[in-house]
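Shown next, in structure tokens, is the structure this report addresses.
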Amino acid sequence: MKTIEKIIGVALLILCIASGSVLLKTDMVFFRWVMGLALGYVLSRSFFGFAGSINRAYRAGSTKLMRALMLMFVLSAILTASFLIFGDATKYDLWVNPINAGLVIGGVLFGFGMSCSSCCATGTLTDLVTGLPRALITLLFFGIGVFVGFPIQAKADWVKKSLVSTATFPSGVFIPDWFGGNKRIEYIGAIAVTMVFAGIVIALSYLYEKKRKQSNTYTGVDTETVQEKLSDLDSAHYTILSGATYDRLFVKPWTLVEGAVILSVLFTLLMGVTKEGWGASTPFGFWFGRLLRVFGVSTDAITSFANKPAGPFTVPFTENPMNMQNIGIVVGTLIYLLMAGMFTKVFTSGLKITPIDALIYAVGGFAMGFGTRLSNGCNVGALYTPIANFSLSGWIFFIALVAGGIFGNAILKKLYRACGKK
């Protein structure tokens with residue numbers, strides 16, 4: 001079975017690239033499709049995710065993923081600065097988001113939601129392969145939350161307007177502006193600030209993990225244990241064309257650090273080509289709008305409520321670059337699991353859920369979706385991209401996200417205890 005899966009995985013990868021290059025209408029759609037495939041592959045092979053940074057810390061005591069996130073933030077900021085410093089930042093669609101009540105409330109809601117669903121926006125996409133029922137329920141209610149939040153995002157001043165701002169981007173606080181005058185000093189200073197903030201989080205993470213270990217409440221994470229196992233190469237008996245070579249190239253999980261580095265490179269490539277960051281959640285609302293059209297709701301009614309143009313709800317699905325990037329993340333996850341010969345085992349292990357689980361996933365999905373409209377993004381759109389783009393809003397969202405995640409996990413723990421479930 002594993003051999004068959006591996007063959008199918010390789011064939012699927014070739015088919016995705018070949019068919020995409022022929023069938024997708026524009027170069028940008030094809031680029032987004034390939035980026036999605038790459039992002040899904042890397043996220044899955046390195047067991048990397050944003051929700052896990054808080055959930056793993058609360059549930060298992062491990063902060064390894066949190067520290068890897070900070071590394072990714074710093075690397076992405078440095079790589080972003082490397083081309084902003086030679087150009088005009090205003091020529092890029094940098095996500096310098098507003099700092100306001102919506103940012104904080106949305107962050108708390110999103111953190112609460114991702115504790116319930118054990119995933120975020122991109123995690124929902126990868127989990128369509130690894131935990132189908134949970135991901136499907138989460139995705140549906142995520143989309144509902146985004147759709148319901150569209151009119152608030154479009155009209156509410158406490159979501160749209162920033163309480164504080166700087167000169168370059170009046171929409172929010174652009175950290176390089178704190179060091180105004182010389183472009184080199186601006187970006188060196190902004191990188192330094194990013195490193196300080198990340199360093200504080202890393203230091204607190206180590207202290208927290210140490211406390212959990214000392215109190216014997218640290219259990220660790222199975223996937224992290226697998227990642228840390230080193231398989232030394234027996235060079236004396238090594239054969240290039242062998243199963244061992246295939247395993248090292250396509251099966252062996254990447255470490256969290258390797259995942260952070262590769263994702264940073266992919267993010268920078270995305271920024272360089274598209275002139276904008278990585279987002280994932282907004283299309284979920286458009287997908288729900290398309291679903292409403294299937295059930296007979298008119299396009300005029302949908303656009304009037306959402307305060308959005310008709311295009312995202314009516315243009316052929318495969319002609320929208322963001323749609324294809326998101327679907328690419330799903331397929332990229334599938335490709336890795338097939339090429340690693342793990343698809344059947346992983347897919348079937350995530351099929352069983354209980355009614356209470358379904359309810360919790362629905363609540364989590366809606367909280368995340370609605371929260372993204374208040375904070376103007378999810379973990380990639382309100383956290384990762386803004387931090388890499390030197391927006392202070394990203395760090396404020398992070399604090400709110402952690403608070404929401406802790407609160408959500410605490411509520412979830414009490415609920416499951418009440419239901420007699422661990």
Side-chain angles (χ1 to χ4, degrees), residues 1-49 122-132 135 222-223 226-227 229-235 237-267 269-270 273 278 280 317-318 321 323-351:
M1 177 63 75
K2 287 186 177 181
T3 301
I4 295 174
E5 286 190 3
K6 291 174 182 178
I7 294 172
I8 294 173
V10 173
L12 179 60
L13 174 60
I14 296 171
L15 177 64
C16 286
I17 300 299
S19 62
S21 65
V22 174
L23 300 177
L24 296 177
K25 283 196 171 183
T26 68
D27 291 340
M28 183 55 70
V29 174
F30 177 67
F31 173 76
R32 290 279 192 174
W33 167 242
V34 173
M35 284 298 301
L37 295 174
L39 290 168
Y41 184 92
V42 177
L43 287 168
S44 301
R45 187 165 182 178
S46 57
F47 303 120
F48 207 97
T122 54
T124 301
L125 297 171
T126 60
D127 288 357
L128 285 171
V129 183
T130 62
L132 181 62
D222 292 342
T223 55
V226 171
Q227 289 171 303
K229 287 182 179 178
L230 297 177
S231 55
D232 294 329
L233 181 66
D234 183 5
S235 57
H237 304 92
Y238 179 66
T239 304
I240 294 179
L241 298 177
S242 65
T245 299
Y246 182 91
D247 286 348
R248 294 188 72 86
L249 289 176
F250 302 111
V251 178
K252 183 179 180 295
W254 288 331
T255 66
L256 291 172
V257 170
E258 289 170 335
V261 172
I262 298 171
L263 287 171
S264 298
V265 173
L266 291 176
F267 176 85
L269 178 61
L270 185 65
V273 173
W278 177 13
F317 190 87
T318 58
N323 286 346
M324 296 311 298
Q325 181 172 294
N326 277 354
I327 297 302
I329 291 175
V330 180
V331 179
T333 301
L334 175 61
I335 287 172
Y336 167 63
L337 291 177
L338 284 171
M339 292 180 70
M342 298 189 298
F343 170 71
T344 301
K345 179 182 178 181
V346 172
F347 182 78
T348 55
S349 67
L351 292 179

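Counting begins at 1 with the first residue of the sequence.
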When rounded to the nearest 0.5 angstrom, what is the spacing between [atom1] in [X] and [atom2] in [Y]?
X	Y	atom1	atom2	value
Leu338	Phe347	CG	CZ	11.0 Å
Ile262	Trp254	CD1	CH2	4.0 Å
Leu337	Met342	CG	CE	5.5 Å
Thr348	Leu132	OG1	CG	12.0 Å
Thr126	Tyr336	OG1	OH	13.0 Å
Ile329	Thr122	CD1	OG1	6.0 Å

Are side-chain heavy atoms of Leu269 and Val265 found at a separation under 4.5 Å?
-> no
4.5 Å side-chain heavy-atom contact, Thr318 and Val29 | no
List in chain and number order the residues that pass side-chain hydrogen bond (donor to acceptor under 3.5 Å, both in side chains) with Ser46, two or more places apart in sequence or in another chain; answer none if no residue qualifies.
-> none
So, for [X] and [Y], which heavy atoms are closest and what is the spacing to 0.1 Å?
X	Y	answer
Met339	Phe250	CE-CD2, 3.4 Å
Pro253	Gln227	CB-CG, 4.2 Å
Val330	Leu128	CG2-CD1, 3.8 Å

For residues 31-43, run the donor-acceptor check on the side chains, cut-off 3.5 Å, and write out each pair with its distance to 0.1 Å, sequence neighbours left out.
from	atom 1	to	atom 2	distance (Å)
Arg32	NH1	Gln325	OE1	2.8
Arg32	NH2	Glu276	OE2	2.6
Trp33	NE1	Cys16	O	3.0
Tyr41	OH	Arg45	NH1	2.8

Indicate whether the side chain of Thr130 and that of Asp127 have a donor and an acceptor atom separated by less than 3.5 Å.
-> yes
With sequence neighbours excluded, residues passing side chain to side chain contact (heavy atoms under 4.5 Å, CB included) with Thr223 = Phe47, Arg56, Val221
